[in-house]
Amino acid sequence: QVQLTESGGDSVQAGGSLTLSCTHSGYTFSPYSYCMGWFRQAPGKEREGVGTIVHVGNTAYGDSVKGRFTISQDITKKTLYLQMNNLAPDDTAIYYCAADERIGDCHPRSRRMFTYWGQGIQVTVSS
């Protein structure tokens with residue numbers, strides 16, 4: 001059974017930085033063919049895509065985080081990262097890690113494609 005576990009959530013001041021991690025285990029699809037992503041959901045809003053990464057390293061980002069957030073991975077550690085810089089109060093949300101073995105539409109807009117989800121972790125940015 002696939003398990004995704006997020007960590008690193010915190011409360012920070014606007015302009016600050018934070019790195020989220022997502023460790024994954026139990027997947028049966030090839031470790032060399034997958035799409036992983038970060039999504040977030042603020043109170044009263046729909047879940048939106050933050051960034052995605054394909055197993056070969058290609059990344060894509062949502063418009064609201066381009067230039068500020070960076071998604072990366074350490075395959076040997078089975079860990080996905082989200083480096084968030086210049087945080088703003090609008091970045092306050094629960095952040096979710098997601099994964100799927102399908103890579104054809106690996107993009108933040110493809111929220112509904114993802115099969116496996118973590119439980120989420122809170123990030124709060126104060127002004």
Side-chain angles (χ1 to χ4, degrees):
Q1 183 175 355
V2 176
Q3 290 187 323
L4 305 175
T5 305
E6 302 94 341
S7 62
D10 205 347
S11 296
V12 298
Q13 295 285 327
S17 298
L18 198 62
T19 300
L20 302 182
S21 300
C22 171
T23 56
H24 48 94
S25 64
Y27 51 77
T28 57
F29 51 86
S30 168
Y32 298 106
S33 178
Y34 58 79
C35 170
M36 295 196 71
W38 288 99
F39 294 80
R40 67 185 183 184
Q41 189 165 17
K45 295 186 178 181
E46 288 192 0
R47 192 169 298 188
E48 69 166 333
V50 174
T52 54
I53 187 167
V54 184
H55 60 284
V56 292
N58 301 62
T59 57
Y61 297 93
D63 290 341
S64 62
V65 305
K66 282 181 181 177
R68 299 188 299 124
F69 290 12
T70 302
I71 190 170
S72 62
Q73 62 183 346
D74 186 328
I75 295 175
T76 60
K77 294 183 179 179
K78 297 182 179 179
T79 302
L80 181 72
Y81 301 100
L82 182 66
Q83 173 67 42
M84 303 183 290
N85 297 326
N86 194 22
L87 284 160
D90 284 348
D91 295 316
T92 296
I94 297 175
Y95 284 70
Y96 297 89
C97 175
D100 201 279
E101 62 267 35
R102 294 166 291 182
I103 63 173
D105 194 19
C106 187
H107 193 275
R109 65 173 176 266
S110 303
R111 171 173 59 90
R112 301 184 189 281
M113 179 191 82
F114 289 83
T115 302
Y116 309 105
W117 291 84
Q119 291 190 331
I121 195 163
Q122 179 70 44
V123 172
T124 302
V125 184
S126 57
S127 57

Worksheet item: Should Ile53 and Met36 be marked as a side chain to side chain contact (heavy atoms under 4.5 Å, CB included) after you check the CA-CA gap, both sets of side-chain angles, and the distance that decides it?
Response: CA-CA 5 Å; Ile53 187 167; Met36 295 196 71; 4.2 Å; yes

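- Cluster membership for Val123 and Phe39, using ILVMFWY side-chain heavy atoms within less than 4.5 angstrom, is not shared.
- Within the 3.5 Å criterion, the main-chain N or O of His55 finds a donor-acceptor partner in the side chain of Gln73.
- Taken from CG in Asp10 to CG in Leu20, the straight-line distance is 10.0 Å, to the nearest 0.5 Å.
- In this structure, the separation between CG on Asp100 and OH on Tyr34 is 13.0 Å, given to the nearest 0.5 Å.
- Remark: Lys66 pairs with Asp63 by the side-chain hydrogen bond (donor to acceptor under 3.5 Å, both in side chains) rule, at least two apart or across chains.
- The neighbour count for Gln41 CD, taken as heavy atoms of other residues, nucleotides or ligands under 6.0 Å away, is above 12.
- Identified under the salt bridge (Lys or Arg N to Asp or Glu O under 4.0 Å) test for residues 82-95, with sequence neighbours left out: Arg40-Asp91, Arg68-Asp91.
- Residues Ser17 and Gln83 meet the side-chain proximity criterion, which asks for heavy atoms closer than 4.5 Å.
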Anything under 3.5 Å between a donor and an acceptor, one on a side chain of residues 106-114, the other on a protein residue two or more places apart or in another chain? List them.
{"residue": "His107", "atom": "ND1", "partner": "Arg109", "partner atom": "N", "Å": "3.1"}
{"residue": "His107", "atom": "ND1", "partner": "Arg109", "partner atom": "NH1", "Å": "3.3"}
{"residue": "His107", "atom": "NE2", "partner": "Arg109", "partner atom": "NH1", "Å": "3.4"}
{"residue": "Arg109", "atom": "NH2", "partner": "Asp105", "partner atom": "OD1", "Å": "3.3"}
{"residue": "Ser110", "atom": "OG", "partner": "Asp105", "partner atom": "O", "Å": "2.8"}
{"residue": "Ser110", "atom": "OG", "partner": "Asp105", "partner atom": "OD1", "Å": "3.4"}
{"residue": "Ser110", "atom": "OG", "partner": "Asp105", "partner atom": "OD2", "Å": "2.7"}
{"residue": "Arg111", "atom": "NE", "partner": "Arg47", "partner atom": "O", "Å": "3.3"}

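- Closest approach of Ile71 to Thr52, counting heavy atoms only: CG2-O, 3.7 Å.
- Donor-acceptor pairing under 3.5 Å is lacking for the side chains of Asp74 and Thr79.
- Put simply, Tyr96 and Leu87 are part of two different groups of oily side chains (I, L, V, M, F, W, Y) that touch within less than 4.5 Å, one to the next.
- Qualifying side-chain contact (heavy atoms from CB on, under 4.5 Å) partners for Gln3, counting only residues two or more places apart in sequence or in other chains: Ser25.
- With sequence neighbours excluded, the residues that form a side-chain contact (heavy atoms from CB on, under 4.5 Å) with Ala14 are Pro89, Val125.
- In terms of modelled atom types and a separation under 3.5 Å, the side chain of Glu6 and the main chain of Cys97 share a donor-acceptor contact.
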Worksheet entry | Verdict with supporting geometry, Glu101 and Tyr116, side chain to side chain contact (heavy atoms under 4.5 Å, CB included) | CA-CA 10 Å; Glu101 62 267 35; Tyr116 309 105; 3.7 Å; yes

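- With side-chain heavy atoms closer than 4.5 Å counting as contact, directly or through intermediates, Tyr81 stands alone and belongs to no larger hydrophobic cluster.
- One hydrophobic cluster, built from ILVMFWY side chains closer than 4.5 Å, holds both Leu80 and Phe69.
- In this structure the side chain of Val12 never reaches within 4.5 angstrom of the side chain of Met84, judged on heavy atoms.
- Trp117 and Tyr95 fall into different hydrophobic clusters, where Ile, Leu, Val, Met, Phe, Trp and Tyr side chains are chained together by heavy-atom contacts under 4.5 Å.
- Panel note: side chain His24, backbone Leu4; no donor-acceptor pair is recorded below 3.5 Å.
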